[in-house]
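We count ligands from 1, going down the list as the structure has it; atoms in each ligand are counted the same way. In this text, all values refer to a predicted model and were calculated from it rather than measured experimentally.
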Amino acid sequence: MELEADVEPLPRGGFRCCLCMLQVANRSSLDDHLRGKKHRKLAEVRAQRKSQEEKSIFVSGFRRETSELELSDYFSSFGTICSIVMDKEKGVYAIIELQDQTVLQKVLSHPQHCMDGQKLRVKPRDKKEFKYILPKKQGSARGQELSPEKLSQALCLCSDVDEQLKQLVTLFQFSENERRLRDLLVTLLQEVFSEFFPGCEVLPFGSSVNSFEVHCCDLDLFLDLEHTKTFQANARKPQEEKQNEDKVPLDTLSEDSILSDVDLESASTSEILELIAAVLRQCVPGVHGVQALTSARLPVVKFQHKESALQGDISINNRLAFCNTRLLQLYAEVDDRVRPLVYTLRYWAKQKELAGNPFGGGPLLNNYALTLLALFFLQTRSPPVLPAVAQLKELADEGEKAIIDGWDCSFPRDSSKVEPSCNLENLRSLLAEFFHVFADFDFVSTVISLREGLALPLTDIMASETSCMLKLGALNIQDPFELSHNVAGNVSEKIALRFQNRCRDAAKYCRSLQYQRKSNKGKTWGLVRLFQRGDNTEISTTEEGPAAGDGLVIYLPSPLLVLTEVQRRNLCGTEGMQQFCFQKVCTALQFVLQDVLKCSVSLDEDDENMANAEQAVLQEEEPCVGAKRTLAEEGTSVPDSKRPRLEAESSKEERVSWHCTICHRVWLGRRKMRRELRRSAAPNLSQDVDSLQVEAEVTEAIAQQEHGSGPAQPLLTFRVSIVSTGATSQDCRTSLYFTPLQEPVALFQDFFHFLQVFLPKTVMKYIQKHTLDSPAGERESP
Ligand code: ATP
Ligand code: MG
């Protein structure tokens with residue numbers, strides 16, 4: 001029996017018509033389909049498109065304002081023109097269908113086309129495989145959204161909680177049509193971008209492909225331009241050099257590319273993204289809302305696709321994300337409890353307004369960070385459900401070893417290399433345990449490391465060469481590859497607190513029978529109640545601190561971390577603990593700002609807590625801007641009368657605001673200056689030289705370089721509010737809220753980015769030195 005070229009037999013019986021994208025159960029249904037209207041119509045459209053393609057040309061290089069008529073006038077001198085399709089905004093290219101092959105050959109053999117003084121680029125139109133795009137209702141992402149009511153109904157029909165977790169995956173994952181639609185869009189973009197960036201690759205990453213997709217999730221794309229750069233470099237070499245070289249293995253490359261105008265190697269990320277945005281706007285059918293976000297942490301071009309209602313993001317420097325997507329895929333394949341658990345947690349966190357950041361940036365956990373938290377939890381079960389990333393590295397073979405941007409990204413691609421876990425916990429208890437573990441997790445003094453599969457003490461991180469650049473935050477989740485990156489660095493303290501509170505509520509609910517057993521009285525049970533909304537308002541916005549709106553917050557590790565076990569035991573649980581931490585931080589911070597970074601610091605006149613603050617740190621005789629003083633060693637042990645008063649005895653917060661001015665760009669070229677100073681002072685500067693002293697010298701040298709010995713003008717003025725909260729060793733934390741007090745704010749942002757990494761390290765170093773050198777913890781305990 002001979003099959004038509006479009007028909008494919010299916011392994012389990014039946015057939016698929018690849019033209020119409022549908023499956024039929026048997027031969028007679030197939031015959032009916034092939035004779036039917038739909039198949040014949042599509043076959044006809046395909047034949048027509050093919051014939052059009054064969055006699056069409058792709059033209060670019062003309063002026064933006066060129067009209068169809070002008071193009072028609074020019075090309076009709078070679079023969080009859082059937083049609084002209086210009087890109088939507090009539091700017092970049094046109095596809096011209098000629099009468100037949102003879103006219104086509106005539107046009108192509110013309111040595112150089114010129115119009116209006118512009119050289120045109122003319123080439124045969126690319127031959128594309130005909131693909132049928134499914135009608136909107138079946139394929140669009142929006143059509144697949146599930147209402148909370150329908151979800152509850154479906155979950156209540158399950159027989160137990162484990163089935164509910166698995167059902168969630170079935171309900172949220174892509175249908176075959178959705179997946180195909182995304183693939184088609186990727187193919188379309190690949191085709192268009194290849195015209196402009198020869199040899200480029202459009203690579204999907206993120207939830208579309210990491211096994212944790214949900215209907216409507218965005219389409220994250222990485223446009224890999226490495227081959228394009230090679231091509232461009234080669235194309236720019238003199239002719240003789242090129243002849244002596246192997247041919248670039250990019251047969252599809254042509255000179256007809258906007259690349260002739262842009263040097264990818266030297267162009268900035270913003271310039272390339274603007275170019276991508278222009279191509280999307282003008283040349284990709286069905287795309288709208290294109291926006292290049294060039295100043296984001298990860299610059300992207302955003303777009304929407306009308307037909308599928310998909311939101312897309314295109315980035316260009318994102319090989320690490322492409323790699324961590326594959327890691328997530330691997331973990332999902334290693335154990336089949338991973339997907340149900342992650343889907344459930346993602347939905348729960350969305351309902352509780354903990355995760356999602358609907359408009360991109362924001363203070364919530366993003367889905368990637370939440371997924372890492374779930375994977376970490378599974379790594380730390382006993383016995384572990386998943387191996388640590390460091391263990392995976394050992395399983396990678398030669399071809400799987402990879403260093404990306406300096407980070408070791410080696411891990412196996414094949415999940416069968418990973419030993420199955422001997423942990424037998426079911427989904428119901430794993431979910432309950434997740435909430436239980438994170439309800440009381442010590443987020444304040446640890447960093448979650450998926451690489452080690454451990455919660456590492458902050459002090460270890462700060463002492464580590466590779467991780468010490470980690471930006472500490474309210475939640476610290478270290479990226480599995482880029483060890484200096486905190487993937488939850490954006491999470492505000494308010495959200496971190498809400499996360500723990502919600503975990504606490506959920507852990508409590510999971511102990512009830514309503515969670516554990518299906519109701520036989522028709523009541524909601526299991527996951528349904530867990531997902532209920534409406535309890536997210538308990539934390540008032542004021543809890544976020546005085547500068548919550550501007551988001552310039554730095555969280556400092558607790559000074560308790562550097563105490564010895566005995567000192568900590570003496571202090572913990574006592575009323576003076578918070579006071580102790582506040583005082584330590586204030587003294588250390590003042591030293592770092594004043595003596596290390598050469599800022600002038602004074603009490604903020606506007607601060608309502610001035611009285612407290614006055615007693616806290618700045619001595620009465622030195623309250624003004626620019627007043628410098630050496631901190632006495634005993635400064636860490638302020639007498640009772642000078643200790644900051646609590647606002648009220650019952651208050652769980654201490655705060656003070658300072659007004660600061662800095663005259664030098666102390667963050668610019670700091671690393672280089674430090675290296676140079678170390679080199680020139682090599683014999684005297686042994687390892688144990690006070691690193692704070694070295695930092696102060698670095699600042700001095702930068703200041704000298706900038707202004708010589710002349711007077712320096714104030715560069716930046718800002719307010720910093722120091723707020724200590726929490727009364728136990730678990731929740732005791734100090735936040736620094738920064739407010740720039742003058743333009744240009746952009747300059748302040750550079751300074752702030754530097755402080756995010758610099759302050760926690762140096763403040764802790766100061767506290768460590770002045771606490772451990774003398775048995776201060778013991779002396780100071782009230
Ligand atoms: P969804 O789009 O459904 O919210 P996602 O996993 O695609 O989930 P995105 O925020 O779109 O999440 O991010 C896409 C990918 O970018 C992630 O899968 C991850 O590879 C990378 N990524 C996102 N956020 C971070 C981050 N904070 N640090 C490092 N990589 C990140
Ligand atoms: Mg995404």
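- The Asn210 neighbourhood of ligand 1 comprises atoms 6 (O), 18 (O), with distances under 4.0 Å to a heavy atom of that residue.
- Results of the ring-ring contact (aromatic ring centres under 6.0 Å, His included) test with Trp348 over Phe531, Phe438, Phe435, Tyr509 single out Phe435 as the only residue that passes.
- Residues Asn324 and Tyr368 come closest through the heavy atom pair ND2-OH, 3.0 Å.
- Ranking protein heavy atoms by distance to atom 10 (O) of ligand 1, first place goes to Asn366 ND2, 4.5 Å.
- Using bins of under 30°, 30° to 60° and over 60° for the plane-to-plane angle, the ring pair Phe443/Phe499 lands in the perpendicular bin.
- Closest non-hydrogen pair, Gln164 versus Leu155, comes out as NE2-O, 3.0 Å.
- Summary of contacts: the protein heavy atom closest to atom 3 (O) of ligand 1 is Ser207 OG, 2.9 Å.
- For Arg346, the heavy-atom gap to ligand 1 drops under 4.0 angstrom.
- The side-chain contact (heavy atoms from CB on, under 4.5 Å) with Ile314 is formed by just one residue from the set Val290, Val300, Leu280, Val202; it is Leu280.
- The nearest protein atom to atom 21 (C) of ligand 1, hydrogens excluded, is given as Ala321 CB, 3.9 Å; this is a heavy-atom distance.
- Salt bridge status for Glu425 with Arg337: absent, with no side-chain N to carboxylate O gap under 4.0 Å.
- Listing protein N, O or S atoms at distances below 2.8 Å from the Mg ion (ligand 2), with waters left out, gives Asp218 OD1, Asp220 OD2.
- The shortest N or O to N or O distance between Asp479 and ligand 1 is not below 3.5 Å.
- Each of the following atoms of ligand 1 lies closer than 4.0 Å to a heavy atom of Asn324: 19 (C), 20 (O), 30 (N).
- By the 6.0 Å and 45° rule, Arg339 does not stack over the aromatic ring of Tyr343.
- Near Gly206, meaning under 4.0 Å from any of its heavy atoms, are these atoms of ligand 1: 7 (O), 14 (C), 15 (C), 18 (O).
- Residues Ala402 and Ser410 approach most closely at N-OG, 3.2 Å, considering heavy atoms.
- Pairing each heavy atom of Pro340 with each of Val169, the nearest pair is CA-CG2, 3.5 Å.
- Atoms of ligand 1 found under 4.0 Å from any heavy atom of Cys217, numbered from 1 in the order shown, are 3 (O).
- Exactly one residue among Arg182, Glu213, Arg179 makes a side-chain hydrogen bond (donor to acceptor under 3.5 Å, both in side chains) with Ser208. That residue is Arg182.
- At the top of the distance list for atom 25 (C) of ligand 1, counting protein heavy atoms only, stands Tyr368 CD2, 3.4 Å.
- For atom 12 (O) of ligand 1, no protein heavy-atom neighbour is present inside the 4.0 Å cut-off.
- Shown in contact with Thr325 at under 4.0 Å from a heavy atom are these atoms of ligand 1, numbered in order with element: 20 (O).
- Atom 28 (N) of ligand 1 has His485 NE2, 2.8 Å as its closest protein atom, hydrogens excluded (heavy atom only).
- Using bins of under 30°, 30° to 60° and over 60° for the plane-to-plane angle, the ring pair Phe376/Phe441 lands in the perpendicular bin.
- Taking atom 4 (O) of ligand 1 as the reference point, the nearest protein heavy-atom neighbour is Asn367 ND2, 2.9 Å.
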